[in-house]
Amino acid sequence: MKPGDELPPLTIPITRTLIVAGAVASRDYQDVHHDAELAREKGSPDIFMNILTTNGLVGRYITDHFGPRAVLRKVAIRLGAPNHPGDTMVLTGTVTDVDGETARVRVVGANGLGHHVTGTVTVEVPR
Amino acid sequence: MTPTERDATLYGRLVAYEGRAAATAGVGKDPVNLPMIRHWCEAMGDAHPAYRGPEAVAPPTMLQAWTMGGLAGHTGRSSAYEELFALLDAAGYTSVVATDCEQEYLRPLRPGDEITFDTVIESVSRPKTTKLGPGYFVTTRTDVRAGAELAGTHRFRILKYAPASRPPKSPDQAPRRPRPVINRDNAGFWEGVAAHRLLIQRCGDCAALRFPWLPGCADCGSPEWDTVEASGAGTVFSYVVMHHPPFPAFAPPYAVGLIELAEGVRMISNVVGVPYDKVRIGMPVRLEFVRADEELELPVFRAGGEG
């Protein structure tokens, strides 16, 4: 791995099931992540993915690429456009720094509305 | 109180919570366990071998999940955190959305690990206008421990906001540009606009030109004035491109120009006739008037027109 390396994109269909399953698996029962009617009352057109699920998907994207020995050290993400059901998110990543066995990867997750997530992941890949 | 004064008062009360504990010796509802790890991996589609089998560790990104209150809610949150949220709720900022999560993983979490955590309220932002509605960003930092050992840190930012009402969609109710505030000090300017004349004030004593319209001269203090009509020629002195947040009747991205008129005064206006990303400092522009709706005309500047 070297700076400038681009990770193959990962396309994730944003289904209602994924949003609800991710919310429940992360113990997040905020109504906006499972109840469309209450989400609309709060100004959102539909339910949307919670940040813990986005965090989990970003982590998975990195370890899927770097393989079974990869260990996440830091994940820092910022959310922008929400992930609503029916949309598709494409995760892309670029290696920005490499220090020995540790790489920093800039990650962007784009959906139909724009950038859902931007962030930086530090991953250690022991040889 | 005006809304601005109310915000200032509220901000003063909110910011007092910076540095206070949001949770002290919070306890994870479940010890780290394989079923929750498996449910997480299933939801995320994560097949990493480290998260399975007898030597399994938890996916590091689950860090926050072990501290969640779940359907029954949080226990062990401090009164400071409850008070901060109550203040925001009472002021109408009733909704929550998470915006940032920064985690560092120091030690893997394994099945059987008992989780404890301490959270501090790191910062409260000034009032912000967002696409979701007006609100305040609240940032917390949590230390997550397995037994006595620090396993990870978790900085989390949420927006606590007042949901914006959805703008009406029917064309006859399309949002209109804001109305200018017209008073005795600037009525002459708007009368000029109505007659398609851009009028600049001129001091009756020292003859300094001034814009926007003001009751007195900034140079000599004289209240005497008359007007001169702008020729309409100008250049882009500076500009910004507005991306966010979107306001009713404005479709971002668009350029907002600071136009230097040939007479030497500057005014803020739209630059039209050129894409927002092609506006440049020094670009020559020419005054024109656009009708925004049946009640409102506005002076704007068209790019490229020297004559």
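Reminder, nothing fancy here: chain letters follow the sequence lines and each chain counts from 1.
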Inset, instruction - Determine the minimum heavy-atom distance between A/Ala76 and B/Glu102, stating which atoms define it. - result: CB-CG, 3.7 Å

Legend entry - Contact winner vs chain A - B/Thr99, B/Val96, B/Thr153, heavy-atom pairs under 4.5 Å: B/Thr99

Inset, instruction - Go through A/Arg78, A/Arg69, A/Gln30, A/Glu41 and name the one with the most non-hydrogen pairs under 4.5 angstrom from chain B. - result: A/Arg78

Legend entry - Distance (rounded to the nearest 0.5 Å) between A/Arg27 CZ and B/Asp30 CG: 6.0 Å

Inset, instruction - Might you point out which heavy atoms bring B/Tyr51 and A/Leu72 nearest each other, and give the distance in Å? - result: OH-CD1, 4.4 Å

Legend entry - Gap separating the CG atom of B/Asp100 from the CD1 atom of A/Ile51, nearest 0.5 angstrom: 6.5 Å

Inset, instruction - Give the member of A/Ser26, A/Ala23, A/Gly22 that has the highest number of heavy-atom pairs under 4.5 Å with chain B. - result: A/Ser26

Legend entry - Atom group of B/Arg157 that falls short of 4.5 Å from chain A, counting heavy atoms: side chain

Legend entry - chain A contacts, top residue of B/Ala47, B/Pro60, B/Cys101 (heavy-atom pairs, under 4.5 Å): B/Cys101

Inset, instruction - Measure distances from A/Phe48 to the heavy atoms of chain B and classify the residue's part below 4.5 Å as side chain, backbone, both or neither. - result: side chain

Inset, instruction - Using modelled atom types only, decide if a donor and an acceptor are shared between the side chain of A/Arg60 and the backbone of B/Met44 within a distance under 3.5 Å. - result: yes

Inset, instruction - Might you confirm whether atom CZ of B/Arg126 has over 12 heavy atoms from other residues, nucleotides or ligands at distances under 6.0 Å? - result: no

Legend entry - Reported CD1-to-OG1 distance for the pair A/Ile62 and B/Thr61, which is rounded to 0.5 angstrom: 11.5 Å

Legend entry - A/Asp99 atom CG: more than 12 heavy-atom contacts under 6.0 Å: no

Legend entry - Between B/Gly152, B/Gly45, B/Pro108, B/Gly133, the one whose heavy-atom pairs under 4.5 Å with chain A are most numerous: B/Gly45

Legend entry - Side-chain touch A/Asn55/B/Gln103, heavy atoms, less than 4.5 angstrom: yes

Legend entry - Side-chain donor or acceptor of B/His39 paired with backbone N/O of A/Ala21 under 3.5 Å: no

Inset, instruction - Heavy-atom pairs under 4.5 Å with chain B are the metric here; pick the option from A/Asp28, A/Leu18, A/Val71, A/Asp64 that has the most. - result: A/Asp28

Inset, instruction - Inspect the surroundings of NZ in A/Lys74 and state if more than 12 heavy atoms from other residues, nucleotides or ligands are less than 6.0 Å away. - result: no

Legend entry - Contact origin within B/Val57 toward chain A - heavy atom pairs under 4.5 Å: neither

Legend entry - side-chain contact (heavy atoms from CB on, under 4.5 Å) between A/Val75 and B/Tyr105, intermediate numbers included: CA-CA 9 Å; A/Val75 176; B/Tyr105 313 113; 3.6 Å; yes

Inset, instruction - Please determine, among A/Ala70, A/Ala25, A/Gly56, the option with the most heavy-atom pairs under 4.5 Å with chain B. - result: A/Gly56

Inset, instruction - Identify which part of B/Pro59 has an atom lying under 4.5 Å from any heavy atom of chain A, answering side chain, backbone, both or neither. - result: neither

Inset, instruction - Starting at CG of B/Leu106, measure out to CZ of A/Arg73 and round the result to the nearest 0.5 Å. - result: 9.0 Å

Inset, instruction - Over all heavy atoms of both residues, which pair between B/Ala98 and A/Leu79 is shortest? Give the atoms and the distance, please. - result: O-CD1, 3.7 Å

